[in-house]
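Keep in mind that this is a model prediction, so the values were computed, not measured. Just so you know, ligand 1 is whichever comes first in the structure, and atom 1 is the first atom listed for that ligand. In what follows, every heavy atom counts, from backbone to side chain, and hydrogens, waters and symmetry copies are set aside.
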Amino acid sequence: MIITIEILIAIIAIVINIIIFHKKSIKKTILISILIILALIIACLITFVEEKPQIDTNEIIEIEAKTGERLKKPKTTYIFHDVTSSVKIMGNIDYNKIGRYEIKYEVPTVLGKYSKSQIVDVVDKIAPEIKLQGEEVINQSYKSEFEEPGVTAIDNYDGDITSKIITEKNQINENQIEIKYTVTDMSGNTTSKTRKVNLIDDVPPTITLNGDTDVSVIVGNQYKEQGAKATDEKDGDLTSKVQIESNVNTSKTGKYIVTYKVSDNSGNEAIKTRNVSVVEKIEQPKPTTNENKGKSGVIYLTFDDGPSSSITPKILDILKKKNIKATFFILNYDSVGEKLVQREINEGHTVAIHGYSHNYKTIYTSVNTYMENITKLQAKIKNSTGYNSTITRFPGGSSNTVSRYNPGIMTKLTKEVVSRGYKYFDWNVSSGDAGEAKTSQDVYNTVTRGLRKSRANIVLMHDFSGNTKTLNALENIINYGINNGYTFDKITESTPMVTHSVNN
Ligand code: ZN
């Protein structure tokens with residue numbers, strides 16, 4: 001620019017010189033012009049020598065640490081020329097270490113070197129990076145605690161700064177929480193990331209049946225639906241939403257199922273079922289003529305838990321010899337036992353049902369289980385002998401406490417058995433032959449002391465295998481009864497029930 005002005009002044013000087021001296025002397029004019037041009041050349045030379053290179057740079061240059069970024073040569077011009085490539089950077093910069101560095105640019109000039117100082121700040125302005133393990137949106141049960149799937153933070157300068165992560169848990173609404181992770185590096189650069197946790201209701205409602213799970217209805221009677229209650233931990237009482245499906249047909253015996261279904265507001269479904277047995281009522285045989293019916297002073301000898309091949313035949317022999325009829329409450333039997341049952345029937349005794357099984361732990365688990373324990377044996381007797389037995393005795397008696405694992409079961413069973421057309425008999429004279437009576441004399445004493453003239457005496461004895469105490473006492477007991485004015489009889493459908501109070 002200066003040079004341009006110098007040239008302009010020189011041209012003006014030459015023009016003025018020409019205007020002034022042209023007419024007087026051409027020689028003078030040329031000489032003065034040459035002098036002016038020489039002056040101009042000298043001025044230009046002086047200007048070139050004094051000219052400084054122009055370095056285009058900022059006072060402070062920032063360079064990001066550890067990124068591979070390097071200080072570049074600044075754009076430099078010198079006497080109309082771009083001399084950037086000749087610029088030398090003098091001094092050291094550690095690009096891996098934050099700090100302030102002072103360096104110099106050196107540019108060669110006509111008379112030597114020109115240098116300019118430069119401040120370089122190596123900085124960390126890059127924020128750390130947070131990485132989430134697992135999904136950014138997690139769906140989980142509202143009942144489970146949130147478990148962190150993992151999160152890490154890496155900074156380009158500080159390295160692993162996972163331990164500096166601050167985690168915040170914010171409840172956005174009832175169904176969502178937000179986990180916010182924040183980390184700040186040593187240079188104060190901050191990064192945040194969030195994870196959403198959707199709280200899903202995956203807990204089905206609970207259905208509680210009103211009444212028993214197993215119910216039975218006598219064919220032709222009405223099935224009374226007792227309904228069910230439903231509650232959900234989130235939605236509360238859902239009883240009004242319970243849907244009931246039933247295929248119960250009370251005009252036909254069989255097993256039916258009533259299904260109760262309910263869904264909560266999140267679509268979780270609960271199902272419960274009730275087993276309904278439609279059963280036949282047992283036809284009561286016509287009462288046989290019985291002189292001692294309801295009369296006092298009668299002894300009903302009853303033998304439980306048989307038949308056994310060792311004891312039952314000998315008891316039958318004694319009864320035959322004394323011409324006395326008795327009642328046998330039997331259990332399931334094999335082919336040998338079947339002959340004994342047939343003999344009991346042939347010789348005029350009553351065959352009654354104690355149960356297919358005597359196992360207290362299983363037979364009292366439900367009303368249906370118990371009733372099947374009776375009907376199974378009843379069907380077996382009928383199939384093998386043609387004899388229909390409707391007289392029963394509860395294993396342990398109706399006052400038993402062995403069924404207390406199922407509270408209230410005896411109250412239900414004593415009603416159920418009768419409503420299904422059976423009769424059940426307990427006892428009012430126990431021989432003690434399954435327990436406290438140790439000898440046949442004990443059995444004799446216990447029975448004879450328990451007899452009362454004023455009532456019907458139901459005597460509990462057992463004909464299970466090995467029970468010689470009762471076998472050996474039996475004839476003496478019969479003789480005692482005869483000698484003391486008692487009569488003997490078997491239990492029939494017309495005998496009034498003798499029962500204990502339930503004790504469950
Ligand atoms: Zn028994």
Side-chain angles (χ1 to χ4, degrees), residues 299-316 319 326-334 336-338 340-341 344 349-365 367 369-378 380-381 389-406 409-410 413-414 416-417 422-438 440 442-443 446-447 450 457-471 473-474 477 490-491 495 497-504:
I299 297 172
Y300 296 92
L301 296 177
T302 68
F303 300 92
D304 284 13
D305 299 359
S308 71
S309 57
S310 59
I311 301 296
T312 309
K314 290 170 186 163
I315 284 178
L316 287 169
L319 295 172
T327 307
F328 292 86
F329 289 94
I330 67 169
L331 298 173
N332 182 34
Y333 49 83
D334 58 13
V336 178
E338 187 177 314
L340 293 169
V341 172
E344 286 165 358
H349 303 291
T350 292
V351 171
I353 300 164
H354 203 27
Y356 194 86
S357 161
H358 201 285
N359 187 345
Y360 297 135
K361 282 181 185 163
T362 55
I363 60 174
Y364 291 124
T365 50
V367 171
T369 307
Y370 184 80
M371 293 313 296
E372 276 168 21
N373 196 47
I374 292 184
T375 53
K376 198 173 174 184
L377 184 62
Q378 183 186 24
K380 180 167 178 172
I381 300 167
S389 183
T390 60
I391 292 167
T392 71
R393 173 174 283 165
F394 293 104
S398 66
S399 59
N400 79 75
T401 55
V402 295
S403 61
R404 280 186 177 171
Y405 62 86
N406 186 0
I409 184 74
M410 294 314 299
L413 287 178
T414 48
E416 181 72 15
V417 163
Y422 298 95
K423 281 191 153 188
Y424 71 92
F425 286 83
D426 289 311
W427 56 87
N428 49 25
V429 181
S430 173
S431 67
D433 65 348
E436 62 272 26
K438 304 285 179 228
S440 57
D442 288 346
V443 173
T446 314
V447 172
N457 296 278
I458 311 272
V459 180
L460 170 67
M461 296 188 284
H462 293 83
D463 61 333
F464 51 64
S465 179
N467 192 12
T468 51
K469 286 176 287 187
T470 290
L471 178 65
L474 182 60
I477 289 169
K490 60 181 178 181
I491 294 171
T495 309
M497 294 203 313
V498 173
T499 61
H500 298 160
S501 301
V502 295
N503 201 11
N504 58 47

Counting only protein N, O or S atoms (no waters) closer than 2.8 Å to the Zn ion (ligand 1) gives 3

By ring-ring contact (aromatic ring centres under 6.0 Å, His included), Tyr405 pairs with (sequence neighbours left out) none

Sequence neighbours excluded, the answer for salt bridge (Lys or Arg N to Asp or Glu O under 4.0 Å) partners of Glu372 is Lys255

ring-ring contact (aromatic ring centres under 6.0 Å, His included) filter on Tyr333, not counting sequence neighbours, yields none

Review point. For the residue pair Tyr360 and His358, is the inter-centroid distance of their aromatic rings smaller than 6.0 Å?
Key: yes

Tested for side-chain hydrogen bond (donor to acceptor under 3.5 Å, both in side chains) against His462, the lone hit among Thr470, Asp433, Asn467 is Asp433

- Query: Is a side-chain donor-acceptor pair under 3.5 Å present for Tyr422 with Gln378?
  - Reply: yes

